[in-house]
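Worksheet: the structure to be examined is printed underneath.
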2 protein chains.
Amino acid sequence: MPTTPRPADFKLTGLTGTLRCCQLFSGLSAEDLMVIAGFVVVQKLAKDEYLFHEGEPARGCYLVQSGAINVHRVSAIGKEQVIHVFRSGESFAEAALASPTGYPANARAVEPSTVLIIPKAPILELIGRRPDLALRMLGSMSSHLRVLVGMLDDLTLKDVETRLLNWLVKHSPTSTGGTIRLPGTKRVLAAELGTSSETLSRTLGRLRDQKLIAVSGKEIAVRNLPALQGMLRRNLGEH
Amino acid sequence: MPTTPRPADFKLTGLTGTLRCCQLFSGLSAEDLMVIAGFVVVQKLAKDEYLFHEGEPARGCYLVQSGAINVHRVSAIGKEQVIHVFRSGESFAEAALASPTGYPANARAVEPSTVLIIPKAPILELIGRRPDLALRMLGSMSSHLRVLVGMLDDLTLKDVETRLLNWLVKHSPTSTGGTIRLPGTKRVLAAELGTSSETLSRTLGRLRDQKLIAVSGKEIAVRNLPALQGMLRRNLGEH
DNA sequence: GGGATTGCTTGACGCAGGTCAAGGCGCGCC
DNA sequence: GGCGCGCCTTGACCTGCGTCAAGCAATCCC
């Protein structure tokens, strides 16, 4: 029954578009999407603003509409361990839905961002009625588990050089190399790799000396991607 | 309609007992338990026998009936990183249900063990009909996520001494201390703590010298739990 | 009983990488 | 322009811990 669209309807149809595009909800029926859009809360975050802190009671789970959210833990001495940076279309904190305890980590916007908050109660109710949604949630959490498992051996089984090589290979734009523009400062990259900015600097320096890359400011030019890949494989393959 | 119990019935009622006792299925109706018991596969494992390897296509998820299963990853150089040791009543590899990729880790019996294999297809079908079961699965996976997150800062934010202190405090039977009997060898404990048996030995030695614990064979007697807790807090609190 | 095996302890050594400190460079701001 | 302030780089140093190797104690098995 089409009537003149009111602002709220515009908002809803816009939201369903976002919802449809994400892994978690893609393929759901239009009605279900509308239901979800009906209870979702939009929140805008400034750069460096916190979405939630460790231990806070969980409101629900989240979907990044734009920007980037850094999920991390911090030790008693203030050292920060990045768990993952979630970007547009990705969902996180599904674990918070199913357990009565608070968030196990912190979430902060790396840049100005918009996230959709999916409140606990109504989404749980919907999951109860839509078993396939439950399976998707399971799938999404299982991929997060995989990310964490991946981090584990990153941190325990590899040295800084190998982790950096891996990062460079993953972020090279073309198959021959190309130049990568750092999203943040080098200190941030160092944190993401689980090291200090000094060690990162030295490691980059060593690769530069071998003419494998060129560094200038926030630009890293990958000169010889195949060589980097070979080096990575060698580092993984033997000692 | 009671008839003379056949062996298969005995088997089924025995299984439902096991199923009822575990976190994942406790509270399910008797019929549901029977359904699950109907498709569960019992597998016995000798010490050091593998249940599955990384990359293998997933059969389903698992429930430990007796014994202990070490879930771990291994790097290209053969170094082993323990993710978790699951014991009687615990379930694992739920993540494998929801994703088409293979297992992300290896599982091996630490001691002679019995596990129940819960095959993928029938349990997924049941989840589709029992939404509360889906929520339990979500809950279980979310607690595994928490374990992994916990491991992360164990590995990145603490040294071996702190990890050992944490382990001792967690495993002390009484509030004043008491004695802990190691389930496996010290080498296994060392692996669980992410270190070598030599370093573990040294660290235990240091605590012994300070009269905080006494070690004899597989028995660790905690002489002064409050002091251990204080030391732990101090290690976490400052440098 | 006596070799062989397995696990634990201890010493010696090396190394990756964290920390401290001292420049150098770019950039905005008065 | 001069000045201060982040950021990066580099050197010097230190330390935790992994590895190698040797010495014991307990257990097993012929």
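Atom set for the values below is all heavy atoms of this structure, side chains included, hydrogens, waters and symmetry mates excluded. The structure displayed is predicted, hence computed values, not measured ones.
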In whole angstrom, what separates A:L200's CG from C:dA16's P?
-> 17 Å
Considering only side-chain heavy atoms of B:V160, which listed nucleotide, C:dG7, C:dT10, D:dC17, is closest?
-> D:dC17
Just call it for A:R202: base, sugar-phosphate, or nothing, with non-hydrogen atoms closer than 4.0 Å on any strand.
-> base
Separation of C:dC27 P from A:K218 NZ (nearest whole Å) | 11 Å
For DNA chain C, whose closest nucleotide is more 5', that of A:R163 or that of A:E198?
-> A:R163
Expressed in angstrom and rounded to an integer, what is the separation of A:D209 atom CG from D:dT9 atom C1'?
-> 12 Å
Ring centres under 6.0 angstrom apart (B:Y62, B:F52) = yes
Donor-acceptor side-chain pairing of A:R146 and B:T101 below 3.5 angstrom = yes
D:dC7, D:dT9, C:dG7: which one has an atom nearest the side-chain heavy atoms of B:T185?
-> C:dG7
A:R187 CZ - D:dG6 P separation (whole Å) = 13 Å
Nearest-Å distance, CG (A:L204) to P (C:dG17)?
-> 14 Å
Please check if any side-chain donor atom of A:E94 sits under 3.5 Å from a side-chain acceptor atom of A:S140, or the reverse.
-> yes
More than 12 foreign heavy atoms under 6.0 Å from CZ of A:R187: is that the case here?
-> no
Find the distance B:L207:CG to C:dT9:C1' and express it as a whole number of Å.
-> 15 Å
Mind calculating the distance between CD (B:E161) and P (D:dT15) to the nearest angstrom?
-> 15 Å
A:S196 side-chain N/O to C:dG18 phosphate OP1/OP2 under 4.0 Å | yes
Could you tell me whether the phosphate oxygens of C:dG17, OP1 or OP2, come under 4.0 Å of any side-chain nitrogen or oxygen in A:T195?
-> no
Go through D:dT9, D:dC17, C:dA16 for me and flag the one nearest to the A:D159 side chain.
-> C:dA16
Counting just side-chain N and O atoms, does A:S197 come under 4.0 Å of either OP1 or OP2 of D:dC7?
-> no
Over how many whole Å does the gap from B:L164 atom CG to D:dC17 atom C1' extend?
-> 14 Å
Between A:S66 and A:T114: side-chain donor-acceptor atoms closer than 3.5 Å = yes
Under 4.0 angstrom between A:T199 side-chain N/O and C:dG17 OP1 or OP2 = no
